[in-house]
Amino acid sequence: MKTHRTHHCAQLRKTDISQKIVLSGWVASRRDHGGLAFVDLRDREGLTQIVLDPQKLPAAHDLRSEFVIRIEGEVVARPEGTVNTKLATGEIEVRAEQLEILNKSETPPYPLDEENVGEDLRLQYRYLDLRRPAMARNLRTRHRVCKTVRDYMDEQGFLEIETPILFKSTPEGAREYIVPSRTNPGLFFALPQSPQQFKQLLMVAGVDKYFQLARCFRDEDLRADRQPEFTQIDLEMSFITREDIYRLIEGMLKRVWKEALSLEIVTPFERVTYHDVMDSYGSDKPDRRFEMRLQDFTETFKASTFKVFAGAVAAGGVVKAMNAKGLACVTQSQIDLLTEQAKTAGAKGLAWIKVEGGTWKSPIVKFFSEAEKAALTEKLKLEEGDLILFAADQWASACEVLGKLRLVVAEMLTKMGKLSVPKDRYDFFWVVDFPLITYDHVAQRHSATHHPFTSPVEEDVPLLATHPTKVRGQHYDIVLNGVELGGGSIRIHQPEVQKRIFEDILKIPKEIAETRFGYLIKALGYGAPPHGGIALGLDRLVAILCGTESIREVIAFPKNARAQDLMTSSPAEVEPRQLRELKIQVETGNR
RNA sequence: GGUCGCGUAGCUCAAUUGGUUAGAGCGCCGCCCUGUCACGGCGGAGGUUGCGAGUUCGAGCCUCGUCGCGACCGCCA
């Protein structure tokens with residue numbers, strides 16, 4: 001039996017010179033000079049240059065891109081002046097003594113070294129796309145992260161336990177994928193949005209410390225950072241407080257950064273309240289790598305002659321402003337664009353002031369007193385060339401509007417070269433003290449800010465009956481560079497509290513609460529320990545480590561924006577027989 | 001579901017105001033080439049300009065429809 005290889009394609013060095021070796025791999029490129037030919041042989045690990053003499057090996061002329069070949073030969077030093085410093089193996093080459101074409105290849109539909117190729121084409125030929133060194137590196141990073149997490153969790157005493165993929169529909173949250181049951185015609189499973197309820201049941205079961213790299217499913221519209229199936233680092237622990245989770249996750253991320261990037265990150269992470277982070281940045285997951293904080297001017301404008309501001313304050317609202325440093329150069333159409341953005345965030349309009357040519361230019365500046373101008377100048381540290389953006393509304397809305405503009409403005413400034421967000425900085429922090437309950441003005445009812453199993457902060461429990469939206473939940477989010485990496489909470493472990501949340505606060509009818517969550521409430525009644533957990537988006541985490549925006553770059557076989565797999569052409573129709581067995585009829589004319 | 005943008009060679013893109021036979025680079029095919037690594041030289045093939053209609057003497061370009069792709073909003077407890 002012939003060996004296919006003795007080394008991989010990134011392995012050979014000067015110290016291996018004069019060794020007889022065997023390499024196998026793909027032809028990454030060929031440079032055929034007629035009387036002498038070079039081939040860059042590629043495998044998962046890297047490239048090695050092969051030198052072929054066509055007089056001895058005539059098949060050298062037949063080689064084409066992506067042919068799979070086996071080379072027997074000798075490692076030799078490259079001649080003076082032909083060393084390639086860009087290649088790890090660039091000081092040597094392999095002089096081929098035997099060449100075997102193990103498999104030919106069709107001409108690739110697109111050049112594998114081209115970065116800027118339509119993504120639909122890449123997805124259609126994903127098996128070629130994954131051969132590209134950048135993609136191979138992403139797969140490897142993902143593996144390293146998973147391995148590190150498993151090792152760390154094992155050391156911390158956690159058990160990895162699989163939970164069912166065929167689960168029950170719980171229409172409270174995201175839209176679910178539905179799976180029909182043949183053995184129970186007319187009944188359906190749903191694929192889990194997360195293993196939330198099972199991990200709580202595992203705590204009731206006394207498992208104590210559970211984790212899983214859990215596949216989750218959501219049938220919602222997709223984005224660059226959203227796929228219909230994705231993976232969470234999911235965990236749950238018993239007899240803990242929030243602090244235990246913070247320490248555990250800080251330790252895990254420290255290890256992951258060390259393993260994947262060889263970087264030391266500083267722990268513990270800062271903890272910021274939801275109120276403070278919204279107040280300063282207008283977002284519950286701000287990118288703090290650039291400043292541009294929101295400032296409060298409610299006091300300044302409460303008696304202003306500018307009625308829009310004074311009126312907002314009189315109605316119990318706030319006036320907030322932000323200094324878009326260096327953006328006084330915006331055109332009217334860009335102002336219109338910002339106004340449009342502000343409106344989609346819920347504002348009625350957008351007030352702005354350009355600080356340009358030593359004066360303030362704005363349709364509203366004539367209403368401002370000297371004292372008001374002075375307050376703005378001081379708090380916003382105004383300088384020539386700045387642009388002030390205002391929001392006057394109820395606190396939450398004003399913050400949200402400016403928070404959205406903050407991101408748009410940062411993007412504009414970045415494009416102009418006036419702002420650069422440091423790519424190598426990792427700004428981790430915890431957001432805590434979220435409101436447990438949010439009032440949904442559209443649906444005119446209370447809903448759980450995160451999920452209905454979150455435990456209230458103990459001293460706020462009396463407020464549940466009187467001011468439910470003032471109750472803080474024992475929820476925590478971990479944020480990195482403007483991305484919500486994950487979130488979790490200490491859960492409700494007393495059945496009567498859980499029932500009260502479902503029935504009194506969320507107003508889920510008793511029967512529905514019973515059929516949907518009855519088993520959970522029942523389980524809590526059998527000695528559920530205090531417990532809590534967290535879930536981190538593995539895909540987002542790996543994407544950040546790989547320096548890419550899209551999680552599709554770190555998933556081997558992702559779906560496109562319409563949740564289709566272009567390589568296998570799924571979803572697809574099924575046989576009529578299959579539908580008959582399931583007692584399912586498909587409405588015609590809907591495709 | 002809504003708004004906006006884009007569909008030209010296998011890939012990435014160009015084509016002046018609507019005007020001759022729709023071009024370039026890479027890739028592909030053939031021939032030549034003994035030190036390349038973006039190899040080089042010569043030659044060649046390759047197009048229903050997404051699809052359908054309309055306006056016009058004339059449409060890649062304008063209009064309408066349609067399909068596909070992408071971004072954003074809604075949605076994502």
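Numbered from 1 within each chain, the chains take letters A, B, ... in sequence-line order. As the structure is a computational prediction, the values presented were derived from the model and not from experiment.
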What is the distance, rounded to the nearest whole Å, between atom [atom1] of [X] and atom [atom2] of [N]?
{"X": "A:Glu80", "N": "B:rG35", "atom1": "CD", "atom2": "C1'", "value": "13 Å"}
{"X": "A:Leu337", "N": "B:rC72", "atom1": "CG", "atom2": "P", "value": "14 Å"}
{"X": "A:Arg540", "N": "B:rC76", "atom1": "CZ", "atom2": "P", "value": "14 Å"}
{"X": "A:Leu123", "N": "B:rG68", "atom1": "CG", "atom2": "C1'", "value": "15 Å"}
{"X": "A:Glu340", "N": "B:rG2", "atom1": "CD", "atom2": "C1'", "value": "13 Å"}
{"X": "A:Glu106", "N": "B:rC29", "atom1": "CD", "atom2": "C1'", "value": "15 Å"}
{"X": "A:Gln124", "N": "B:rG70", "atom1": "CD", "atom2": "P", "value": "13 Å"}
{"X": "A:Leu407", "N": "B:rC72", "atom1": "CG", "atom2": "C1'", "value": "13 Å"}

Passing option when A:Phe167 is tested against A:Phe217, A:Phe189, A:Phe198 for ring pair (Phe, Tyr, Trp, His ring centres under 6.0 Å):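 Of the listed residues A:Phe217, A:Phe189, A:Phe198, the ring pair (Phe, Tyr, Trp, His ring centres under 6.0 Å) partner of A:Phe167 is A:Phe198.
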Does [atom1] in [X] sit with more than 12 non-hydrogen atoms of other residues, nucleotides or ligands closer than 6.0 Å?
{"X": "A:Lys499", "atom1": "NZ", "value": "no"}
{"X": "A:Glu411", "atom1": "CD", "value": "no"}
{"X": "A:His61", "atom1": "NE2", "value": "yes"}
{"X": "A:Arg95", "atom1": "CZ", "value": "no"}
{"X": "A:Glu496", "atom1": "CD", "value": "yes"}

Partner of [N] by Watson-Crick or G-U wobble geometry, both contacts under 3.5 Å, or none?
{"N": "B:rC13", "value": "B:rG23"}
{"N": "B:rC31", "value": "B:rG41"}
{"N": "B:rC6", "value": "B:rG68"}
{"N": "B:rG1", "value": "B:rC73"}
{"N": "B:rU49", "value": "none"}

Mutual orientation of the aromatic rings belonging to A:His451 and A:Phe453 [parallel < 30°, tilted 30-60°, perpendicular > 60°]: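 The arrangement is tilted - the two ring planes meet at 30° to 60°.
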Plane angle bin for A:Phe502 and A:Phe517 - parallel if under 30°, tilted between 30 and 60°, otherwise perpendicular: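 Because their plane-to-plane angle is under 30°, the rings of A:Phe517 and A:Phe502 count as parallel.
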Could you tell me how far [M] sits from [N] if I compare only their [atom1] atoms? Round to whole Å.
{"N": "B:rG54", "M": "B:rA24", "atom1": "C1'", "result": "33 Å"}
{"N": "B:rC75", "M": "B:rG68", "atom1": "P", "result": "25 Å"}
{"N": "B:rC61", "M": "B:rA15", "atom1": "P", "result": "14 Å"}
{"N": "B:rU63", "M": "B:rG30", "atom1": "P", "result": "46 Å"}
{"N": "B:rG7", "M": "B:rG47", "atom1": "C1'", "result": "15 Å"}
{"N": "B:rG18", "M": "B:rC62", "atom1": "C1'", "result": "8 Å"}
{"N": "B:rU12", "M": "B:rG70", "atom1": "P", "result": "14 Å"}
{"N": "B:rG60", "M": "B:rA9", "atom1": "C1'", "result": "14 Å"}

Upstream residue (5' side of RNA chain B) when A:Gln193 and A:His61 are each assigned their closest nucleotide: A:His61
No-H, no-angle donor-acceptor pair, A:Asp120 side chain to B:rG70 base, under 3.5 Å: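 Checked by distance alone, the answer is no.
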Base B:rC76 to side chain A:Arg226, donor-acceptor N/O within 3.5 Å cut-off: yes
Sugar-phosphate, base or nothing in reach of A:Arg95, heavy atoms under 4.0 Å: base
Sugar-phosphate only, base, or nothing, as touched by A:Glu119 at under 4.0 Å among non-hydrogen atoms: nothing
Contact list for RNA chain B against residues 487-503 of chain A - heavy-atom distance below 4.0 Å: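 Within this stretch, nothing sits under 4.0 Å of the strand.
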Per-nucleotide protein contact string for nucleotides 37-43 of chain B (B base, S sugar-phosphate only, - none; heavy atom under 4.0 Å): BSB----
Contact state string [nucleotides 3-12 of chain B, B base, S sugar-phosphate only, - no protein heavy atom under 4.0 Å]: -------SSS
Check: A:Gln197 main-chain N/O paired with A:Gln200 side-chain donor or acceptor under 3.5 Å: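 Checked: no pair found.
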Donor-acceptor under 3.5 Å (A:Glu176 side chain, A:Ile178 main chain): no
Residue A:Ala561, side-chain atoms from C-beta onward, closest of B:rG30, B:rC75, B:rG70: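 Comparing B:rG30, B:rC75, B:rG70 against the side chain of A:Ala561, the answer is B:rG70.
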Nearest to side-chain heavy atoms of A:Glu93, which nucleotide of B:rU34, B:rC28, B:rU36: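 For the A:Glu93 side chain, the nearest candidate turns out to be B:rU36.
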Is there a side-chain contact between [X] and the phosphate of [N], meaning an N or O under 4.0 Å from OP1 or OP2?
{"X": "A:Arg223", "N": "B:rC73", "result": "yes"}
{"X": "A:Gln564", "N": "B:rC69", "result": "yes"}
{"X": "A:Arg175", "N": "B:rC76", "result": "no"}

Trace of the side chain to side chain donor-acceptor pair (under 3.5 Å) decision for A:Gln49 with A:Arg31: CA-CA 10 Å; A:Gln49 174 163 282; A:Arg31 294 173 293 280; 2.9 Å; yes
Donor-acceptor pair between A:Gln232 and A:Ser194 side chains, under 3.5 angstrom: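 Side chains of A:Gln232 and A:Ser194: no pair found under 3.5 Å.
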Short side-chain donor-acceptor distance under 3.5 Å, A:Asp234 and A:Tyr210: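 Side-chain D/A pair, A:Tyr210 to A:Asp234: present.
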A:Arg406 NZ/CZ over A:Phe290 ring centroid, <6.0 Å and within 45° of normal: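 Judged by the rule (NZ or CZ under 6.0 Å from the ring centre, within 45° of its axis), A:Arg406 counts as positioned above A:Phe290.
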